[in-house]
Each structure stands twice: as C-alpha cells, then as structure tokens.
Engineer: 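This is the structure, below, for whatever I ask next.
As the structure lists them, so they are numbered: ligands from 1, and atoms in each ligand from 1. This one's a predicted model, so the numbers in the text were calculated from it and none came from an experiment.
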Amino acid sequence: MPATFTKSALLLSLMLGLGQAHAAAQPSPVALAASEGIPHPAVIAHRGASFDAPESTAASYKLARDLGADYLEMDLQRSKDGVLFALHDNNLQRTTDVATKFPDRKDSPANAFTMAELKTLDAGSWYNKAYPDRARPSYVGLQILTLDEIIDIAQANPKHKPGLYIETKEPQLFPGIEHDLKEKLQARGLLIPAGAKPAKNVASVGESNGKVILQTFEKNSLELLQKEMPQVPKILLLWVGEGSIEPKSKVTFAESGEKDKNVFYGKQEPKSEAEFKQWIDYAKAQGAIGTGPSAKLTHGGDQSYSDLVQPWMNKYTHDKGLLVHVYTVDEPVDYEKVMAAGVDGIFTNRASELLKFYKRPAAASVDQVLKNNGF
Ligand code: G3P
Ligand code: CA
C-alpha cells in the first residue's frame with residue numbers, strides 16, 4: 001500500500017472517527033441543566049404545594065415558594081375575555097363552587113367564563129371537604145389566580161424567587177395562547193434575550209435563564225411555543241394513550257374490565273421501543289430541552305400512569321442531549337426509584353418532602369410557612 005494512501009486513509013478515518021465521536025457526545029444531564037439555568041435535580045411544585053393547600057391558589061403557590069421549590073407548576077387557560085389564568089381541569093366542577101354560583105353553566109368549560117366571573121368562585125372549600133385532616137378555615141374563599149398574580153407571588157420573596165413551569169393545557173381550546181403567553185412573559189420581563197449566556201451567581205432560579213420552562217403534551221403547541229419563544233426551555237410531556245405514545249395493547253379501559261382507571265394506565269406500555277424513541281427524537285428535533293414522562297407509582301392513585309422512566313428510556317433521552325422531568329411523584333419510595341432510574345427532576349405535590357429527600361429541607365415547617373402567609 002503506497003505511503004500517501006495510508007496517510008490519507010488514516011487522516012480520513014480519524015476525521016470520520018472524530019466526527020462520529022462528536023455527534024454521539026452529549027453534555028451530561030448536570031451540565032445540560034446548568035447550561036439552561038435549570039437546577040439539577042429540580043423540585044417542581046405541581047400546582048404549587050398542592051398536597052398541603054388547595055391546588056393552583058395563593059396558599060399552595062406561596063407555600064411552595066417559601067419552602068424553597070425551584071418551580072411553581074401551572075396549567076394555563078384563557079378566560080372568555082382573554083385573561084391567562086391557572087386551572088387544571090376542563091371545567092370548574094371539581095375545584096370550585098361553580099355548581100352553586102352558576103348552576104346553569106356548571107358543566108361549561110372555564111373559557112366560557114369572564115375573569116370577573118371566575119374570580120367570584122371559591123377555589124378553596126372543596127379541599128377542606130376532600131382532605132379534612134389538612135383543612136384550614138383560611139382556605140375558604142381562595143380564588144382562581146391569573147398568571148399575573150402567580151408571577152407576583154413568584155417574585156415576592158426576596159430570599160427565594162422560584163421559576164415558572166407553565167403548561168399549555170388543552171391548547172386546541174385556546175387558539176393563539178402561545179402568542180398570548182409570549183406577550184405576557186415579555187411584558188413582565190420574563191423572556192430571556194435570544195442567545196443569552198447562562199447568568200452567573202444568581203441567588204434563585206427566578207433570576208436565571210431557566211426562570212421559565214414551557215411544557216405541553218401537544219405536538220402542535222410545542223411547535224408554536226418554539227416559534228414564539230425559541231430561546232425559552234421547553235419540555236414535551238409524555239404518556240401512553242390517545243394523542244401521545246401509542247400503546248402496545250388496543251384494549252380500551254371499558255373493555256379491560258379494570259375498575260380503577262389508573263391501574264389500567266399503569267399496565268399500559270409503549271407499542272415498541274421504536275415508538276418510544278420516535279417521540280424523543282421528535283422532542284429533540286423541535287428544540288425541546290427535555291421530556292416530562294409519566295411514572296407508575298408504588299401505591300397507585302390517580303397520578304399513577306405508565307412507567308415511562310425505565311433506565312433504558314432515560315438513557316436514550318440523555319444520549320439525545322435531553323433532560324427528564326418526571327410527573328407526579330409524592331413518596332420517598334418513588335423518589336428513590338425514579339432517581340435511581342436516572343431522572344433529572346420531579347414534579348411533586350409535596351415539595352416539602354422532595355426537598356427533604358434532596359437534602360435541601362425547608363427552614364420552616366409546612367404549618368409555619370402557611371401561618372407566616374396568613375393561612
Ligand atoms: O405538567 C406535568 C403534569 O402536571 C402533567 O399532568 O395532568 O397534572 O397536568 P397534569
Ligand atoms: Ca400540568
């Protein structure tokens with residue numbers, strides 16, 4: 001073999017080899033989170049500290065903030081008159097007294113109400129009835145909150161400003177909500193400049209580049225969020241079922257004979273490895289910085305779904321340079337399990353417990369923080 005060929009071939013193979021190594025190498029999840037200004041592992045207070053106070057109210061968000069959660073999570077909707085506010089369900093029945101105040105419209109979606117009408121609802125009393133052991137008289141009369149009010153809460157503690165982790169909920173019901181959200185974040189000074197370098201030595205998440213994370217289950221909404229706010233970190237939420245990862249079994253809940261919907265969900269698994277992977281590949285291609293998969297919980301319950309944080313799934317996601325923030329986990333046995341499987345952060349209703357688990361316990365008890373805030 002002529003010497004010249006050998007040298008060229010060696011050079012070529014080195015270039016190819018280096019090229020391959022470069023393509024495969026991804027920053028570690030810790031480095032990736034740091035580059036986005038996102039704590040690792042992250043404590044995401046799901047609808048606020050919603051185990052201890054009515055979800056998505058001032059009580060639950062102030063509690064999560066003052067316990068030291070990294071993020072206040074919320075499901076974003078838009079009122080009839082165009083105001084962005086936080087509510088999880090499609091209608092108001094479970095978490096408000098709409099049936100008493102607006103009996104004829106009790107089944108209507110929340111976007112059929114003006115913000116003034118929504119503000120007349122009691123979003124706290126349901127909690128006292130559902131959880132008498134955690135009830136407080138001060139929860140009676142709590143209001144649904146606008147996004148503006150949640151931003152005010154997030155910024156009000158000078159010692160700790162959590163970030164906002166905002167889900168576009170059922171975005172097909174709210175055409176243009178991605179644009180509205182951009183305008184609101186811009187107006188409130190919460191949009192980081194495009195190409196901004198990670199802010200150094202910030203005191204809290206709320207001052208970092210990761211001060212806002214956007215999340216959605218919907219491909220279309222992810223694409224719109226990316227178009228509107230390319231510089232803001234985004235998470236594609238995942239579950240197994242309609243509109244998301246295709247299940248292996250075509251048997252429906254009604255056909256399954258299961259009595260408990262979440263037992264049924266817990267048994268669901270992706271149709272194939274390839275089916276799971278294509279969702280991760282899609283998230284990456286659309287500019288997401290990570291995924292938000294469901295978890296199967298040890299003791300079941302209405303937040304237990306398909307196990308989408310198996311170690312091979314997390315490894316595949318990490319190998320693509322994406323983070324994994326799992327929802328919604330409340331017990332140490334499950335914190336252990338999902339952390340061992342490799343996740344990078346947890347949505348939890350029990351911020352106080354997760355902070356303890358991560359050895360970042362709050363300085364004051366849940367009871368004390370609630371009292372400090374007048375609850
Ligand atoms: O946003 C993550 C998690 O909250 C998804 O579930 O139904 O509580 O919004 P859901
Ligand atoms: Ca949510």
Side-chain angles (χ1 to χ4, degrees), residues 38 41-51 53-57 60-61 64 69-78 84-95 109-110 127 130 144-145 147 150 162-174 177-178 181 212-219 221-222 225 232-245 261-262 265-266 268 279 283 288-297 300-309 317 322-330 334 338 343-351 354:
I38 298 169
V43 176
I44 305 154
H46 185 244
R47 307 177 206 168
S50 59
F51 178 87
E55 65 186 60
S56 309
T57 64
S60 67
Y61 285 128
D70 296 316
Y71 287 99
L72 308 184
E73 195 266 353
M74 75 197 75
D75 306 286
L76 196 68
Q77 304 201 26
R78 189 176 59 201
L84 299 177
F85 67 95
L87 180 79
H88 176 268
D89 295 3
N90 291 349
N91 68 43
L92 296 149
Q93 293 244 46
R94 180 179 63 89
T95 57
Y127 178 95
I144 287 176
L145 296 179
L147 174 56
I150 300 172
L164 305 171
Y165 208 119
I166 306 173
E167 177 180 352
T168 50
K169 177 64 75 186
E170 304 280 349
Q172 67 282 2
L173 299 177
F174 309 101
I177 197 167
E178 296 82 2
L181 177 57
V212 175
I213 299 181
L214 305 172
Q215 42 155 350
T216 184
F217 281 102
E218 307 292 332
K219 283 183 169 179
S221 194
L222 178 65
L225 289 170
V232 179
K234 278 161 227 85
I235 291 282
L236 180 63
L237 299 168
L238 300 173
W239 74 298
V240 176
E242 205 180 329
S244 194
I245 298 174
K261 204 156 195 177
N262 291 84
Y265 285 139
Q268 297 296 297
W279 280 81
I289 58 101
T291 62
S294 60
K296 184 174 177 178
L297 305 176
D302 62 4
Q303 293 183 108
S304 182
Y305 297 99
S306 180
D307 179 3
L308 292 180
V309 287
T317 310
L322 298 173
L323 297 172
V324 180
H325 288 166
V326 63
Y327 68 91
T328 302
V329 183
D330 285 349
D334 291 316
V338 298
V343 308
D344 306 300
I346 299 179
F347 291 78
T348 185
N349 300 307
R350 303 194 73 172
L354 183 56

Engineer: For the residue pair H325 and I38, establish whether any side-chain heavy-atom pair is separated by less than 4.5 Å.
Structural biologist: yes
Engineer: Stepwise, does the side chain to side chain contact (heavy atoms under 4.5 Å, CB included) test hold for E55 with Y127?
Structural biologist: CA-CA 8 Å; E55 65 186 60; Y127 178 95; over 6 Å; no
Engineer: Tell me whether K234 at atom NZ has more than 12 heavy atoms from other residues, nucleotides or ligands lying less than 6.0 Å away.
Structural biologist: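 Count over threshold, so yes.
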Engineer: Evaluate T168 against S221 for side-chain hydrogen bond (donor to acceptor under 3.5 Å, both in side chains), listing each step before the verdict.
Structural biologist: CA-CA 7 Å; T168 50; S221 194; 2.9 Å; yes
Engineer: With the Ca ion (ligand 2) as the centre, enumerate protein N/O/S atoms below 3.0 Å in chain and residue order.
Structural biologist: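 Near the Ca ion (ligand 2), below 3.0 Å, one finds E73 OE2, D75 OD1, E167 OE1.
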Engineer: Return the set of residues passing ring pair (Phe, Tyr, Trp, His ring centres under 6.0 Å) with Y265 (not counting sequence neighbours), or none when no residue passes.
Structural biologist: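 For Y265 the ring pair (Phe, Tyr, Trp, His ring centres under 6.0 Å) partners, ignoring immediate neighbours, are W239, Y305.
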Engineer: As a test of understanding, state which of T57, L164, L84 forms a side-chain contact (heavy atoms from CB on, under 4.5 Å) with I150.
Structural biologist: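 Only one of T57, L164, L84 forms a side-chain contact (heavy atoms from CB on, under 4.5 Å) with I150, namely L164.
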Engineer: With sequence neighbours excluded, tell me which residues meet side-chain hydrogen bond (donor to acceptor under 3.5 Å, both in side chains) with R350.
Structural biologist: none
Engineer: Collect the protein residues that have a non-hydrogen atom under 4.0 Å from ligand 1 and hand them over in chain and number order.
Structural biologist: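 Close residues (ligand 1, cut-off 4.0 Å): H46, R47, E73, D75, H88, E167, K169, Q215, F217, L237, Y327, F347.
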Engineer: Which residue is it: Y327, F347, Y165, Y71? I am looking for the one with a side-chain contact (heavy atoms from CB on, under 4.5 Å) to H46.
Structural biologist: F347
Engineer: Begin from the C-alpha positions of I166 and L147 and carry the test side chain to side chain contact (heavy atoms under 4.5 Å, CB included) through to its verdict.
Structural biologist: CA-CA 10 Å; I166 306 173; L147 174 56; 4.3 Å; yes
